[in-house]
Amino acid sequence: MTDPETPATGWVPESAEEESAEDDMPLSLRLSIADTLTLGNATCGFMAVYFTTTGILIPHLTGSGETGMARNSAATAVILMLLAAVFDLFDGIVARKLRSSPMGAELDNLSDLISFGLAPAYFVLVYGMVAVDADQKMSALAAIVVLLAVVLRLARFSCVTMKDGMFQGMPSPFGALTVVSIVLLELPFIPTLLAIIGVAWLMVSRVEYPKPRGVLAVAMLCWIIGAMGLLAAWAFDAPGGQLLLQTGCALQIAMAATIPLFATTRRANTFRHNRREARATSLR
């Protein structure tokens, strides 16, 4: 018999076993808080595709729902994309404040591809199938352009080093929200198609966009919350909900068109300033 107060040889307390297993886990497999937020981003993107399919596409194909973009499902899908943008905003803030795992950057790119590449591209594809004046093949082409633009933009982001505080090309969350705003604005098909392709071009362009930090991050968060409210009002057919949604979509598109103009003007002014300084230096 063994002494009950004496641990048997080789026995390790359960808590010690768990701690040892955690210590033995490769660092690359440990999820940080920021990684958990990133996975929330991916989940929202997937659910946006789900609601677009079950609430808009399937009822249209089976003839069991209203024609056109079903309000509740379209609003839910876009709200999920907005929520994904919130997760994307906060995972970067948390990663800077606390820590991120070695696979944090890869998780972020993969999640962004789902939420801001696949989800909006699929939204455009379904729009081409359910809208009365849309052309399905052209809409499919526009959806592919959006998806490939996000793929190229994310790949370039991983390879190109930009100056601190700036993005090269329209950020994919901003681009995705602009694409769905163009669809929800319900413009004629050809202007809608051209505007979507224009946004895709901006995502792969060299136009500089400021990163959402500090006051800009707060402003972006407030804008996202406001957009969710507009979508909810539209979905529940609140008085003036349609007009409020159209106003919000128009403002999103206006921002997408205005920021490149400011960036181009700033770069031109910087170029002129550097040129004047170079001339002044050469004359001394």
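It should be emphasised that the depicted structure is a prediction, and the values quoted were computed from it without experimental measurement.
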message: Does anything in residues 234-245 form a salt bridge (charged side-chain N to carboxylate O under 4.0 Å, His left out)? List the pairs, not counting sequence neighbours.
response: Arg71-Asp237
Side chain proximity check, [X] to [Y], heavy atoms < 4.5 angstrom:
| X | Y | result |
| --- | --- | --- |
| Ser115 | Asp88 | no |
| Val150 | Asp112 | no |
| Phe189 | Asp135 | yes |
| Leu147 | Leu113 | yes |
| Thr52 | Ser73 | no |
| Lys211 | Phe167 | yes |
| Phe123 | Met81 | yes |
| Glu208 | Gln168 | no |

From [X] [atom1] over to [Y] [atom2], what is the distance, rounded to the nearest 0.5 angstrom?
| X | Y | atom1 | atom2 | result |
| --- | --- | --- | --- | --- |
| Cys44 | Ile79 | SG | CD1 | 11.0 Å |
| Phe46 | Leu80 | CZ | CG | 11.5 Å |
| Leu107 | Leu37 | CG | CG | 11.5 Å |
| Asn109 | Met103 | CG | CE | 14.0 Å |
| Leu110 | Leu154 | CG | CG | 9.0 Å |
| Leu83 | Thr76 | CG | OG1 | 12.0 Å |

Residue [X] excluded, over 12 heavy atoms near [atom1] under 6.0 Å:
| X | atom1 | result |
| --- | --- | --- |
| Glu106 | CD | no |
| Tyr50 | OH | no |
| Ile33 | CD1 | no |

[Y] backbone acceptor or donor facing [X] side chain under 3.5 Å:
| X | Y | result |
| --- | --- | --- |
| Asp35 | Ser32 | yes |
| Arg206 | Gly169 | no |
| Ser205 | Leu202 | yes |
| Thr192 | Leu187 | yes |
| Arg153 | Leu148 | no |

- request: Please assess Leu39 against Phe87 for the test side chain to side chain contact (heavy atoms under 4.5 Å, CB included), listing each intermediate value before the final yes or no.
  value: CA-CA 9 Å; Leu39 294 178; Phe87 279 119; over 6 Å; no
Any donor-acceptor N or O pair under 3.5 Å, side chains Asp91, Asn41: no
message: Can a side-chain donor-acceptor contact be found between Trp234 and Gln246 if the only test is distance below 3.5 angstrom?
response: no
I'd like to know if [Y] and [X] are part of one continuous hydrophobic network [Ile/Leu/Val/Met/Phe/Trp/Tyr, side-chain heavy atoms within less than 4.5 Å].
| X | Y | result |
| --- | --- | --- |
| Ile144 | Met203 | no |
| Met255 | Leu244 | no |
| Val145 | Val179 | no |
| Leu243 | Met228 | no |
| Tyr122 | Phe51 | no |

- prompt: Going through the checks in order, is the side chain to side chain contact (heavy atoms under 4.5 Å, CB included) test met by Leu184 and Leu231?
  reply: CA-CA 10 Å; Leu184 292 176; Leu231 285 161; 3.9 Å; yes
statement: Result for side-chain contact (heavy atoms from CB on, under 4.5 Å) between Leu177 and one of Leu82, Ile253, Ile182 points to Leu82
So which atom in [X] and which in [Y] form the shortest heavy-atom distance, rounded to 0.1 Å?
| X | Y | answer |
| --- | --- | --- |
| Ser139 | Gly128 | OG-CA, 3.1 Å |
| Ala256 | Thr178 | CB-CG2, 3.6 Å |
| Leu185 | Ala250 | CD1-N, 4.3 Å |
| Val49 | Ala119 | CG2-CA, 3.9 Å |
| Ala149 | Val204 | O-CG1, 3.5 Å |
| Pro59 | Thr53 | CD-O, 4.1 Å |

